[in-house]
Structure formats: C-alpha cells, structure tokens
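This report refers to the structure that appears directly beneath it.
Because the structure is a prediction, the values reported are computed rather than measured. We number each residue from 1, following the sequence as shown.
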Amino acid sequence: MPIVVNLDVMLAKRKMSLSQLSEQVEVTIANLSVLKTNKAKAVRFSTLEAICQALDCQPGDILEYVPEEEGTR
C-alpha cells in the first residue's frame, strides 16, 4: 500500500507508549495497533486530529506516501 503510517516513529520520538496514546485520544489500543502496523484501510479525521494533538505533530509526520514500483501492482 502506498500510504505508510509512521505512528511508531512519532511515538518513539515523543517517548510515549501506545497505551498512553490510547488513553489520551480515547481510541482502543487494538484500533491504534491496526493503524500502527499499516493494516488500517481508513482513518477518521477526528482520530487523526486527536493523535496529532496528543503527539504535537502534523498529519504529514504520521502519514507518508510511498509510490509503488511499476510492475508490483
């Protein structure tokens, strides 16, 4: 998938655990884990906003577009 979620990178930079983030943004650890492992098919803007607020970052710090190479589609 060409969209990569760098939530684990931001958590490490902020020295925050997934459970701490879960408490702050009021999203279950299971749902954040799906996002963190790039298995999510979608993310609500309200969730993204809460994550950015908790981690003091921009959406671009969490989401990254990495184009697929030709022939791998």
Side-chain angles (χ1 to χ4, degrees):
M1 181 181 291
I3 301 295
V4 176
V5 180
N6 294 313
L7 184 57
D8 53 345
V9 173
M10 287 308 300
L11 285 169
K13 285 182 178 179
R14 300 299 189 252
K15 296 182 176 141
M16 184 182 291
S17 71
L18 198 60
S19 59
Q20 289 171 318
L21 180 63
S22 173
E23 289 175 15
Q24 285 191 22
V25 299
E26 298 180 346
V27 174
T28 66
I29 293 174
N31 284 338
L32 287 176
S33 182
V34 167
L35 187 61
K36 182 179 149 188
T37 58
N38 284 309
K39 294 180 181 172
K41 298 289 182 192
V43 62
R44 292 177 187 228
F45 281 161
S46 58
T47 301
L48 185 58
E49 178 184 2
I51 291 171
C52 288
Q53 186 174 27
L55 295 175
D56 189 28
C57 67
Q58 295 294 313
D61 296 327
I62 298 171
L63 303 176
E64 178 183 6
Y65 173 70
V66 179
E68 292 180 351
E69 294 181 23
E70 288 295 320
T72 59
R73 292 182 193 182

Any chain of hydrophobic side-chain contacts (each under 4.5 Å) joining Leu63 to Val27? yes

Report the distance from atom CD1 of Ile51 to atom NZ of Lys36, rounding to the nearest 0.5 Å. 12.0 Å

Can you confirm whether Gln53 is buried at CD, in the sense that more than 12 heavy atoms of other residues, nucleotides or ligands lie under 6.0 Å from that atom? no

Straight-line distance of Thr28 OG1 to Glu23 CD, nearest 0.5 Å: 12.5 Å

How many angstroms lie between atom CG of Leu11 and atom CG of Asn6, to the nearest 0.5 angstrom? 11.0 Å

Where do Pro59 and Cys52 come nearest, in terms of heavy atoms and distance? N-SG, 3.5 Å

So, for Cys57 and Arg14, which heavy atoms are closest and what is the spacing to 0.1 Å? CB-NH2, 4.1 Å

Path from Ile3 to Val9 over hydrophobic side-chain contacts below 4.5 Å: no

So CG of Leu32 and CG of Asp8: to nearest 0.5 Å the spacing works out to 12.0 Å

Using 0.5 Å steps for rounding, measure from the CG atom of Leu21 to the CE atom of Met10. 10.5 Å

Heavy-atom count check: over 12 atoms from other residues, nucleotides or ligands less than 6.0 Å from Glu49 CD? no

Provide the closest heavy-atom pair for Gln20 versus Lys15 in the form atom of the first, atom of the second, distance. OE1-O, 4.1 Å

If you measure from CG on Leu55 to CD1 on Ile62, what distance do you get to the nearest 0.5 Å? 5.5 Å

Is it possible for you to say whether Val34 and Val4 belong to one hydrophobic cluster, with membership spreading through side-chain heavy-atom contacts below 4.5 Å? no

